[in-house]
Amino acid sequence: MFAGQKLLQQTITSLAQVRMASSSSSGFRVALLQLTVTTDKSTNVANAVKRVHQAKLNGCTLAILPECFNSPYNTALFREYSEVIPGGDTCEALSQAAKSNEMYIVGGSIPEICDDKVYNTCTVWDPNGNLIAKHRKVHLFDINIPGGVCFKESDALAAGNTLNTFQLGKFKIGLGICYDIRFAEMATLYRKQGCDMLIYPSAFNVTTGPLHWSLLTRCRAVDNQAFVAVASPARVTDSNYVAWGHSMVVDPWGKILVEATEKDMDLFVDLDFGDRENMRKQIPTENQRRIDLYDTIDLKNKV
Ligand SMILES: NC(=O)CC(=O)C(=O)O
């Protein structure tokens, strides 16, 4: 870690500590672990475990890993790196890390093998090391921007078919993976289910990242009056897919509470859900929807 990075991390942590004093009963501290992903799976997993422990030492209740944190983000390699969930080596390591640190872990995503299909899957672990939620990426990332990025997850992956939430104390959290963030309806459903926060382990790229990453994260936060966290791998410029980085947490007002650079680094920040209640009261959009004019959920009958 270079000196400036260390200073930034310390600053973020100490700011968090100051705010924690007045908000510990209405929230928790979260860590976004912006790891460098290598081609070596065991190195990636060991690094993730080490960084979860660092998050614990920094007072975090929840640690969030990036999309595909144990494998290169490469359709040609997903099957080779895939594991069963639970039971594979990565799950075992995450379960153990959650238990030994007594923390919740949103385990980014890993390629999952099930019935000969491969999924891009996020696992969530409680402080006893139990698997409490699992989300398979619902919207596969198939895009083609000439001169920019061309990626076709559906060449190698099957899509998930469920929306998934978990409970952290009194807070309900909705899960998506990366491209899922572009689909506002999914987030609206989570809001309707009572979610306080949305988490998207992600890996935008250097074409779409500068255009849409922060915009989409802030949109989902404001639309749903919820905290939104997006955790990316660190940027590796000579990789086949160059991740954007810039992991961030946005509050329900749309304010970026904390944002990484593109480098390998961790962020620690306190979330005060009292703020979210204030916003929901002051701008009560949830009760003001004109569903007599539109129905944001039941789209099937509208097309
Ligand atoms: N990688 C993704 O799933 C999504 C992405 O990079 C984008 O939407 O842009």
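Just so you know, ligand 1 is whichever comes first in the structure, and atom 1 is the first atom listed for that ligand. Everything numeric here is computed off the predicted structure, so don't read it as measured data.
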Below 3.5 Å, can you tabulate the donor-acceptor pairs from side chains in residues 138-148 to any protein atom, sequence neighbours excluded?
from   : atom 1 : to     : atom 2 : distance (Å)
His139 : ND1    : Asp180 : OD1    : 2.8
Asp142 : OD1    : Glu153 : N      : 2.9
Asp142 : OD1    : Ser154 : N      : 3.0
Asp142 : OD1    : Ser154 : OG     : 3.4
Asp142 : OD2    : Ser154 : OG     : 2.5

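Checked by atom type and distance alone, the side chain of Lys56 pairs as donor or acceptor with a backbone atom of Asn101 at under 3.5 Å.
When the side-chain contact (heavy atoms from CB on, under 4.5 Å) test is applied to Ala203, the partners found at least two apart in sequence or on another chain are Glu67, Pro233, Tyr241.
In summary, the aromatic rings of Tyr73 and Phe151 are positioned with their centroids under 6.0 Å apart.
Among residue pairs with one or both ends in residues 87-96, none qualify as salt bridge (charged side-chain N to carboxylate O under 4.0 Å, His left out); sequence neighbours excluded.
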Under a 3.5 Å threshold, I'd like every N/O contact between ligand 1 and protein atoms, with atom names and distance.
from     : atom 1 : to     : atom 2 : distance (Å)
ligand 1 : 1 (N)  : Tyr73  : OH     : 3.2
ligand 1 : 1 (N)  : Ala203 : O      : 3.2
ligand 1 : 1 (N)  : Tyr241 : OH     : 3.4
ligand 1 : 3 (O)  : Lys137 : NZ     : 2.7
ligand 1 : 3 (O)  : Tyr179 : N      : 3.2
ligand 1 : 6 (O)  : Asn205 : ND2    : 3.2
ligand 1 : 6 (O)  : Tyr241 : OH     : 3.2
ligand 1 : 8 (O)  : Arg182 : NE     : 2.6
ligand 1 : 8 (O)  : Arg182 : NH2    : 3.3
ligand 1 : 9 (O)  : Arg182 : NH2    : 2.9
ligand 1 : 9 (O)  : Thr208 : OG1    : 2.6

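A salt bridge links Arg289 with Glu286: the closest approach of a Lys/Arg side-chain nitrogen to an acidic carboxylate oxygen falls below 4.0 angstrom.
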